[in-house]
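Here's the structure we're looking at; comments come further down.
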Amino acid sequence: MMGGHYIAIAACVVLLAFLCRKETRRPNKARLWARLPATVIAVAGLLFLMAPFPWRRQVSATGNGTGPTKTSVRPSGVQAIYWQQQLNAGAMLHLQGRYRNSAATPVKLLLTGFNERLDSVIIPPGQQQSFELKTRPRHIGRAVYTFTVLAKDTLAMEPVPVEVRPLRSLKVLMLAASPDFEHKFLARWLAAQGYVVAIRTAISRDKYSYTYLDTARFPLQRITAAILPAFDVVVADAAALAALSSSERATLQAQVAEKGLGLVIKADSSMMRRRFYDRPFILSAAGNREAHPQSITVLPAGTVGTLPAVQPLYVRSAPGLQPLVQDGAQHWLAATALHGAGRLVCTTLGNTYAWVLAGREEAYQSVWSLLLQSAARVRQQAAQWHIGTAWPQVRRPVPVSLQTSLPQPAAVVNTARVSLSQGAMLPFQWQGVYWPLQAGWQATALPAGDTCWWYAYAEKDWQPLSARAQKQVQHRGMAATASESRAAIPRIWFFIMFLLGAVFLWVEEKLV
């Protein structure tokens, strides 16, 4: 649309220059002062008629509340709150916010769930401060935790809906430079998670052993374009990648860059930033290369505890990198970078199997789930839902939008059919409105598609935050209305401009 706009302008500018040049070179200079403005008016009218969108004028509005506004002090209570309503299994739930305590006594903020006290924090009297409550959900599926404000009495109890999704089952290809415990334990854990695993381990030059878990055997002597599309992620030693032939490395790079295959690189000192997989990562040597206890933090899920780790290398911060795992000194132990359509993950952790031997299976799962899920090939979904408000409430309109390539999708929320209108600019976007009748989880789906769950709050929940959000929505609506008040100018006026200019030029030519 904008391209047509520029083409129309360019064409009219060329036409105007040509006509003005003819007028100034005409032997008869009589009424030149009138012919030039008439030429401009005629070409301008033609331009406005050729434009591929309507020209608009500002319409004045009355009663739009543009007078002075009163500033008000917000009352005591929660001033802001945020938590991630959808989590992957094993991730931390972080409830972060800001609380104003105007009372003369301290206030206790409490997070509970499944009849357990999970976390708490104290807000001193007469202060406003940020807070964070966290827990690691142990369930799969939907649940509603409770945020409670306690003083001498219970001041508030608010719902905290959370959906924990099971980890996505992946197909993993492992390339090992030599047999070791790290690969052995990782393969065992992957199989226990229900992953499809194929392993090629070098035992001498150009000789390999092969292991297949939950999959049929297939030729794995060479890494080819026929093999890699069957996998979501490749986990490989840096030495194993360096030993690949140039054709194998080119095939792997093409699958990552063009097809979105994920690659997890287990770093070592041989990484010299010469090849596509190690070029984004700058490594630095650690001061202590022996196994020693370190505070391991998985981002953004949170600290998984103090664990023994052999840490000969760190990943240095650099543009385009996102940290995944770090130690207590905020050294990066793993990071990820984009490479075309795929992702590269570099990890410097070398003995995570020791965590399993020490009974820290949960920490092992948190780290490796993050590394694999961060790198894995993105699977295209037939439909993606979005809820247009942070605080959906019962008996209030809730905007729902859908992105899908399906023609004329039929949406259902719970058991009610929702009419969807197609976006004018983006035909794959569809919008609708649903009015929840009861508080609780709501199911939005297509007849043949995955279900998107979202939570509708009762009118009493999270006041005054939900009321403030509703006012912001209303203000945005008023702003949109004011914007839409720019009424389209009828094209007949532009035609009249063109006609007046053209008729004057024609009549003046006849009078010469």
The side chain to side chain contact (heavy atoms under 4.5 Å, CB included) partners of A143 (sequence neighbours excluded) come to F114, H139, Y145
Donor-acceptor pair, distance only, cut-off 3.5 Å: does the side chain of Q408 make one with the backbone of L406?
no
Can you name the residues that form a side chain to side chain contact (heavy atoms under 4.5 Å, CB included) with A334, not counting sequence neighbours?
L324, V325, T347, L371
Of all heavy-atom pairs linking T451 and A443, the shortest is CG2-CB, 3.7 Å
Partners of H331 by ring pair (Phe, Tyr, Trp, His ring centres under 6.0 Å), sequence neighbours excluded?
Y314
Relative to each other, are the rings of Y364 and W368 parallel, tilted or perpendicular (30° and 60° limits)?
tilted
With a cut-off of under 6.0 Å to the ring centre and 45° to the axis, is R279 in cation-pi contact with F276?
no
Let me confirm one number: the CG-OG distance from D214 to S169, rounded to the nearest 0.5 Å.
8.0 Å
Could you tell me which non-hydrogen atom of L167 sits nearest to which non-hydrogen atom of Q365, and how far apart they are?
CD1-NE2, 4.3 Å
Test side-chain contact (heavy atoms from CB on, under 4.5 Å) on D268 and M271 and set out the steps.
CA-CA 6 Å; D268 60 29; M271 294 178 61; 4.3 Å; yes
In terms of heavy-atom contacts, A363 and L307 come closest through CB-CD1, 3.7 Å
From Y457 OH over to L465 CG, what is the distance, rounded to the nearest 0.5 angstrom?
10.5 Å
Taking only residues two or more places apart in sequence, or in another chain, which ones meet R138 in a salt bridge (charged side-chain N to carboxylate O under 4.0 Å, His left out)?
E116
Pairing residues for A151 by the side chain to side chain contact (heavy atoms under 4.5 Å, CB included) criterion, not counting sequence neighbours
L155
Closest heavy-atom pair and its distance - A89, P166:
CB-CA, 4.4 Å
So the salt bridge (charged side-chain N to carboxylate O under 4.0 Å, His left out) pairs with at least one residue in residues 349-364 (sequence neighbours excluded) are R136-E362
Take Q373 and R168, measure what side-chain hydrogen bond (donor to acceptor under 3.5 Å, both in side chains) needs, and give me the verdict at the end.
CA-CA 8 Å; Q373 299 289 334; R168 172 182 151 199; 5.1 Å; no
Go through the structure and list residues passing salt bridge (charged side-chain N to carboxylate O under 4.0 Å, His left out) with R117, not counting sequence neighbours.
none
Short side-chain donor-acceptor distance under 3.5 Å, E182 and T352
yes
Please list all pairs meeting side-chain hydrogen bond (donor to acceptor under 3.5 Å, both in side chains) that have one or both residues in residues 425-442, counting only residues at least two apart or in different chains.
N414-Y434, N414-Q442
In sequence, state the C-alpha distance, the side-chain angles, and the governing distance for D119 and T135, and then conclude on side-chain contact (heavy atoms from CB on, under 4.5 Å).
CA-CA 7 Å; D119 201 3; T135 185; 5.8 Å; no
Find the distance between OH (Y82) and NE2 (H94) and round it off to the nearest 0.5 Å.
10.5 Å
Is it the case that atom CZ in R273 sees more than 12 heavy atoms from other parts of the structure closer than 6.0 Å?
yes
Are W83 and W462 close enough that their ring centers fall under 6.0 Å?
yes
Side chains of P106 and P125, heavy atoms from C-beta outward: is any pair under 4.5 Å?
yes
E132: which residues meet the salt bridge (charged side-chain N to carboxylate O under 4.0 Å, His left out) condition with it, sequence neighbours left out?
none
Of all heavy-atom pairs between W385 and A411, which one has the smallest distance, and what is that distance?
CH2-CB, 3.3 Å
For a side-chain contact (heavy atoms from CB on, under 4.5 Å) check, start with the C-alpha distance between V78 and F147, then their side-chain angles and the critical distance, and finish with the verdict.
CA-CA 11 Å; V78 177; F147 172 79; 3.7 Å; yes
Is any side-chain heavy atom of V367 closer than 4.5 Å to one of L333?
no
CZ on R343 to CD on Q322, rounded to 0.5 Å
6.0 Å
If you look only at pairs with a residue in residues 141-154, which of them pass as a salt bridge (charged side-chain N to carboxylate O under 4.0 Å, His left out), with sequence neighbours excluded?
none
Gap separating the CG atom of L344 from the CG atom of L263, nearest 0.5 angstrom:
5.5 Å
With sequence neighbours excluded, what pairs up with D461 under the salt bridge (charged side-chain N to carboxylate O under 4.0 Å, His left out) test?
none
Under a plain distance cut-off of 3.5 Å, with no hydrogens placed, do R316 and S284 share a side-chain donor-acceptor pair?
no
Going by the rule side chain to side chain contact (heavy atoms under 4.5 Å, CB included), which residues pair with P323 if we only count those two or more places apart in sequence or in a different chain?
L299, W332
Closest non-hydrogen atom pair between T404 and P409, with its separation
CG2-CG, 4.0 Å
Stepwise side-chain contact (heavy atoms from CB on, under 4.5 Å) test for L426 and Q403:
CA-CA 9 Å; L426 302 174; Q403 289 188 4; over 6 Å; no
Assess the pair F181 and Y353: is the distance between their ring centroids shorter than 6.0 Å?
yes
Look only at the side chain of T148 and the backbone of M157, and say whether a donor-acceptor pair between them is shorter than 3.5 Å.
no
Could you tell me the separation between the CG atom of L190 and the CG atom of L213, rounded to the nearest 0.5 Å?
8.5 Å
Looking at Q128, is its backbone amide N or carbonyl O close enough to the side chain of R98 to form a donor-acceptor pair, meaning the two atoms are under 3.5 Å apart?
no
